[in-house]
Amino acid sequence: MEQKKLTIGVTGLNNIDSPGPGVSVIRGIKESEIDARIIGLAYENLEPGIYMPGLVDKTYLIPFPSTGSEAFLERLEYIHSKEKLDIIIPNFDSELYLFIKFSDKLLEMGIHTFLPTMEQFEERHKDNLPEYAKKYGIKVPESRPIVNSKELSNLPKPLSYPYFIKGKFYEAFKVVNNNQGIYYFNKLSAKWGLPVVVQQAINGTEVNVIALGDGEGNTVSAVAMRKQYITDKGKAWGGITLNDERLLEITHHIIKETKWRGAMELEMIKTDEGEYYLIEINPRIPAWVFLAVGAGQNIPEMVCRLATGEKVEPITTYKYGKMFIRYSWDLIGDIADFEKIVIFGEL
Amino acid sequence: MSKLNSLAISDNGFIFKPSTGESFTTNEIGLMIINLLKEGKSADEIISVITEEFDIDAISAGRDLYEYLDFLKREKMLD
C-alpha cells in the first residue's frame with residue numbers, strides 16, 4: 001500500500017551554539033520511511049535551518065508566542081491554507097503552552113500534534129519540582145522559586161552555596177555568593193520572567209534521557225546519554241549513549257506514573273554513591289535527538305506516527321557507546337533568499 | 001553480569017564503560033590482567049603469567065597487579 005505523503009511543520013531551526021532541536025528532528029524524519037514534505041516554521045530570519053540545502057521544502061516566519069495567541073493562530077491558519085499541514089512538531093519550551101492550548105483547534109483544522117496535556121506541562125515546571133517529586137516519588141535537589149532578589153539573602157535551610165539559579169524556561173548559572181545571585185536573578189528575570197528558581201547544586205555527573213510516552217503510561221522510547229563536552233552555555237557539544245538500567249527504570253516510572261504524552265528530556269545528576277536526582281524535565285524533544293536516532297530509536301518518526309493515530313510498538317533496546325559530536329559549518333547563502341524571508345516571511 | 005564483563009575492551013587497550021560513558025586506556029600488562037581476571041584467575045596465577053610474559057620479578061609483578069586492582073575498584077570497574 002502506498003504511504004500518504006505527510007506535510008510536517010517543524011520549529012526550532014536555530015541550529016546555533018545553543019541549538020534548537022528542529023534540524024535534528026527533520027534529519028530523523030528524513031532517515032525514516034515516512035514520505036514527508038517538511039515545512040520549517042522559523043521565528044527569526046537568520047535561523048540556519050531555513051537555508052540548509054535539502055533540509056526544508058519551504059519555510060515560513062511565525063510570530064513569537066509573546067505576540068499573542070491571535071496573531072500566532074492567524075499565521076498558522078495562513079500557512080495551513082497554503083500547505084495543508086498534517087503534523088506540527090513544536091520544539092521550544094516557550095511555544096509549547098500555545099500549541100498545547102490550541103491542540104484541539106489545530107486538530108479541527110486537520111493538524112495533528114503529539115504533546116503533553118496542559119496539566120502534565122504545567123506540573124513539571126521548575127518552580128513546581130519539589131511538589132512533583134513528592135507526588136511521583138522522585139528524588140530532587142532542594143529548590144525554591146523566588147520572585148524577589150531580596151529572598152536570596154534569606155534562603156531557607158538546607159539551601160546553601162553553591163546553588164544554581166535558573167530561568168523560567170532556559171539558562172542556569174552556578175552561584176557562590178549573594179552578589180552573584182542578585183546579578184543572575186536580575187539577568188534571568190529580565191529575560192525569561194518570574195519566578196526564578198534556586199536549586200541546590202548536587203555533586204555528581206549529569207546524565208540525560210530522551211524519552212517518549214504514549215499518554216497511557218507506556219514508554220515507547222528511551223535513550224540515556226552523558227554529555228562529554230559542554231559549551232560555556234551549558235549545551236552538549238558531544239555525548240555518548242549509556243547502558244544505565246537505573247536511569248531507564250526511573251524514566252519508565254515517571255512516564256508510567258504521569259501517563260506522559262509526547263517527548264521529554266530528563267536531566268538528572270548521578271552522585272558517586274549512585275543516587276539519582278532529577279534536576280529538570282524538558283517537555284519536548286531535546287536538540288541531541290539525532291543521537292537517539294543513530295543509536296536505533298527514531299523518536300521524531302515515532303512522534304509523527306503517534307500524532308497521526310498509528311499504534312507504535314515500544315523499542316526497548318539501543319546501541320551503547322554511540323556518540324555525537326556537534327560541529328559548526330559556514331553556509332554560503334544568497335541575499336535574494338534573505339530578501340524573500342525578510343519581505344515575504346517565507347522562502 | 002559482573003562489572004568487568006560489562007566493559008567493552010578493545011585489543012588496543014581502550015576500555016569503554018557503558019554504564020557511565022567513561023573511557024580509559026590501558027597498557028599491555030593492564031589488558032592482560034583484565035583478561036585473566038575475566039577468566040577467573042587468582043592473584044597468584046596472574047602474577048605468575050606476568051612474570052612469564054614480561055621481564056619482571058614476582059614482587060614487581062605483584063605490586064603492579066595490586067596497584068591496577070586498586071585502580072579498577074576506584075573506577076568501579078571491579079566488583
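Protein chains get the first letters and strands the later ones, always in sequence-line order, with residue 1 at the start of each. Computed from a predicted structure; not experimentally measured.
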Do you know the tightest heavy-atom contact between A/Ile240 and B/Phe16?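 Of all heavy-atom pairs spanning A/Ile240 and B/Phe16, the closest is CD1-CE1, 3.3 Å.
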So which heavy atom on A/Lys270 is nearest to which on B/Thr20, and how close?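 Looking at all heavy atoms of both residues, the shortest contact is NZ-CG2, 4.1 Å.
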Is atom [atom1] of [X] surrounded by more than 12 heavy atoms (other residues, nucleotides or ligands) closer than 6.0 Å?
X        : atom1 : value
B/Lys3   : NZ    : yes
A/Tyr229 : OH    : no
A/Arg326 : CZ    : yes
A/Lys30  : NZ    : yes
A/Lys174 : NZ    : no
A/Asn203 : CG    : no

Atom group of B/Ser23 that falls short of 4.5 Å from chain A, counting heavy atoms: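 When you check distances to chain A, no heavy atom of B/Ser23 falls under 4.5 Å.
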Heavy-atom distances under 4.5 Å only: say whether B/Lys17 touches chain A with side chain, backbone, both or neither.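 For B/Lys17, neither part sits under 4.5 Å from chain A.
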Approximate separation, where rounding is to 0.5 Å, of A/Arg246 CZ and B/Ser19 OG: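 One finds 14.5 Å between CZ of A/Arg246 and OG of B/Ser19.
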Determine the option with the most heavy-atom pairs under 4.5 angstrom with chain A, choosing from B/Pro18, B/Ser6, B/Ala8.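 Top option by heavy-atom pairs under 4.5 Å: B/Pro18.
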Side chain, backbone, both or neither: which part of A/Glu245 has an atom under 4.5 Å from a heavy atom of chain B?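 Neither the backbone nor the side chain of A/Glu245 comes within 4.5 Å of chain B.
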